[in-house]
**Student:** 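Okay, handing you the structure first.
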Amino acid sequence: MRTSSTANLLKRCLLLLIGLSIMAFGVAFSIKASLGTSPISSVPYVVSLFSPFTVGTATILMHCVFILIQILILRKKYEWFQLLQLPVAFFFGYLTDFGVWAVQGISCNTYWQQWIACLFGILLVAIGVSCEVKANVVVLAGEGVVLAICKVLPVKFGYMKVGFDVTLVVIACLLSLVFTGRLQGIREGTVAAAILVGLISKQIIRLMDSLRK
């Protein structure tokens, strides 16, 4: 019985790592498209424009801040198991940098080519999110903050998630305007990602559930 449980946990961890890898390449494609990154990647991308940090390193730092926020919000109710978000953040951050490097040779010279790269990135992020949800091991620190807030406030996860994403986009806009003098990293692709990732993820999860029956 214990062997079966261990094998199941290893399968779920593997699914999580696969999901994070796919998601990281999705972020890389969205950056390559230059039509705006997804809300969760908007702040790290903008930070990478005016600092010595790469997108991946900025992502790791942002996730560390998110973990600290969770601890401050939940205090004694914080589940220390969630500190696994830290190695997950490092894995995801370094993979994002690798993805950015891997896709640098892809050409996106026209607007329609940018949209193809953007939509492909959105699809990859949605697949990655679906794998993360189905793995049910540990959530990324961004979702962890939303869940932490929902535990102390009578707000539904869906509404809080939207508010959280909007907050990240606003922060990214302010950082971009203050430190680069113009709006960067937030465009029509950001809006498309905010709308489509969740919708596509739901359909993929349903498909995964139906295949398991």
Side-chain angles (χ1 to χ4, degrees), residues 12-13 15-17 19-20 22-24 26-27 30 36-47 55-56 58-93 95-96 121-122 124-175 185-186 189-206 208:
R12 287 161 51 202
C13 289
L15 181 60
L16 173 63
L17 295 178
L20 292 173
I22 294 173
M23 201 186 310
V27 172
S30 70
T37 62
S38 59
I40 193 66
S41 301
S42 59
V43 173
Y45 176 71
V46 170
V47 169
V55 176
T59 297
I60 293 170
L61 293 174
M62 182 182 72
H63 281 230
C64 289
V65 172
F66 287 162
I67 292 171
L68 180 60
I69 291 174
Q70 292 175 60
I71 295 173
L72 292 175
I73 291 174
L74 296 176
R75 299 186 182 185
K76 292 182 179 179
K77 294 181 180 179
Y78 181 76
E79 299 173 355
W80 294 103
F81 173 79
Q82 293 302 325
L83 282 177
L84 285 175
Q85 292 173 4
L86 189 57
V88 167
F90 275 86
F91 182 79
F92 181 64
L95 264 179
T96 299
I122 288 172
L124 290 180
V125 170
I127 293 172
V129 169
S130 302
C131 292
E132 178 195 349
V133 171
K134 293 304 295 180
N136 194 28
V137 178
V138 63
V139 297
L140 284 172
E143 280 74 24
V145 170
V146 177
L147 288 169
I149 296 173
C150 290
K151 286 182 179 180
V152 297
L153 294 177
V155 183
K156 291 184 178 180
F157 179 84
Y159 294 123
M160 193 64 243
K161 174 63 175 170
V162 172
F164 182 73
D165 286 348
V166 170
T167 301
L168 290 178
V169 170
V170 171
I171 292 173
C173 289
L174 292 174
L175 289 173
I186 309 297
T190 305
V191 178
I195 295 172
L196 295 176
V197 168
L199 295 176
I200 296 173
S201 295
K202 286 181 180 179
Q203 297 304 317
I204 293 174
I205 291 171
R206 287 178 182 174
M208 293 171 75

**Student:** Are Tyr159 and Phe164, when compared by the centres of their aromatic rings, separated by less than 6.0 Å?
**Tutor:** no

**Student:** Measure from the side-chain N and O atoms of Thr190 to the backbone N and O of Thr37, and report whether any donor-acceptor pair falls under 3.5 Å.
**Tutor:** yes

**Student:** Going by the angle between their ring planes, with limits at 30° and 60°, are Trp80 and Tyr78 parallel, tilted or perpendicular?
**Tutor:** perpendicular

**Student:** Do the side chains of Leu74 and Glu79 get nearer than 4.5 Å, heavy atoms only?
**Tutor:** no

**Student:** I'd like to know whether Leu86 forms a side-chain contact (heavy atoms from CB on, under 4.5 Å) with Cys64, so could you lay out the CA-CA distance, the side-chain angles of the two residues, the decisive distance to 0.1 Å, and finally the verdict.
**Tutor:** CA-CA 7 Å; Leu86 189 57; Cys64 289; 3.6 Å; yes

**Student:** Can you name the nearest heavy-atom pair linking Met208 to Ser130, along with the distance?
**Tutor:** SD-CB, 4.2 Å

**Student:** Can you tell me how far CG of Leu95 sits from CE of Met23, rounded to the nearest 0.5 angstrom?
**Tutor:** 11.0 Å

**Student:** Taking it one step at a time, do Leu20 and Leu140 satisfy side-chain contact (heavy atoms from CB on, under 4.5 Å)?
**Tutor:** CA-CA 9 Å; Leu20 292 173; Leu140 284 172; 3.7 Å; yes

**Student:** Show the nearest heavy-atom pair for residues Arg12 and Asn136, with the distance to one decimal.
**Tutor:** NH2-O, 2.7 Å

**Student:** Minimum heavy-atom separation for Ser38 to Ser30, with atom names?
**Tutor:** N-OG, 4.5 Å

**Student:** To the nearest 0.5 Å, tell me how far Phe66 CZ sits from Ile73 CD1.
**Tutor:** 11.0 Å

**Student:** Between the side chain of Ser42 and the main-chain N/O of Ala172, is any donor-acceptor distance below 3.5 Å?
**Tutor:** no

**Student:** Under the criterion side-chain contact (heavy atoms from CB on, under 4.5 Å), I'd like the reasoning laid out for Leu16 against Glu132: C-alpha separation, chi angles, the key distance, then a yes or no.
**Tutor:** CA-CA 5 Å; Leu16 173 63; Glu132 178 195 349; 4.0 Å; yes

**Student:** Between Ile67 and Leu83, is any pair of side-chain heavy atoms under 4.5 Å apart?
**Tutor:** yes

**Student:** Between CZ of Phe91 and CG of Leu17, what distance do you get to the nearest 0.5 Å?
**Tutor:** 4.5 Å

**Student:** Do Lys161 and Lys156 come within less than 4.5 Å of each other through their side chains, counting heavy atoms only?
**Tutor:** no

**Student:** What's the separation between atom CD in Gln203 and atom CG in Leu199, rounded to the nearest 0.5 Å?
**Tutor:** 8.0 Å

**Student:** Nearest 0.5 Å, what's the CG-CD1 distance between Leu175 and Ile186?
**Tutor:** 10.0 Å

**Student:** Working to the nearest 0.5 Å, report the span between CD1 of Ile127 and CD1 of Ile200.
**Tutor:** 8.5 Å

**Student:** Tell me which one of Val47, Ile40, Val46 satisfies side-chain contact (heavy atoms from CB on, under 4.5 Å) with Val43.
**Tutor:** Val47

**Student:** Of all heavy-atom pairs between Ile122 and Gly189, which one has the smallest distance, and what is that distance?
**Tutor:** CD1-O, 4.4 Å

**Student:** Would you say the side chain of His63 lies within less than 4.5 Å of the side chain of Gln85, judging by non-hydrogen atoms?
**Tutor:** no

**Student:** Decide side-chain contact (heavy atoms from CB on, under 4.5 Å) for Val139 and Leu147; before the verdict, give the C-alpha distance in whole Å, the side-chain angles of both, and the deciding distance to 0.1 Å.
**Tutor:** CA-CA 10 Å; Val139 297; Leu147 288 169; 4.2 Å; yes

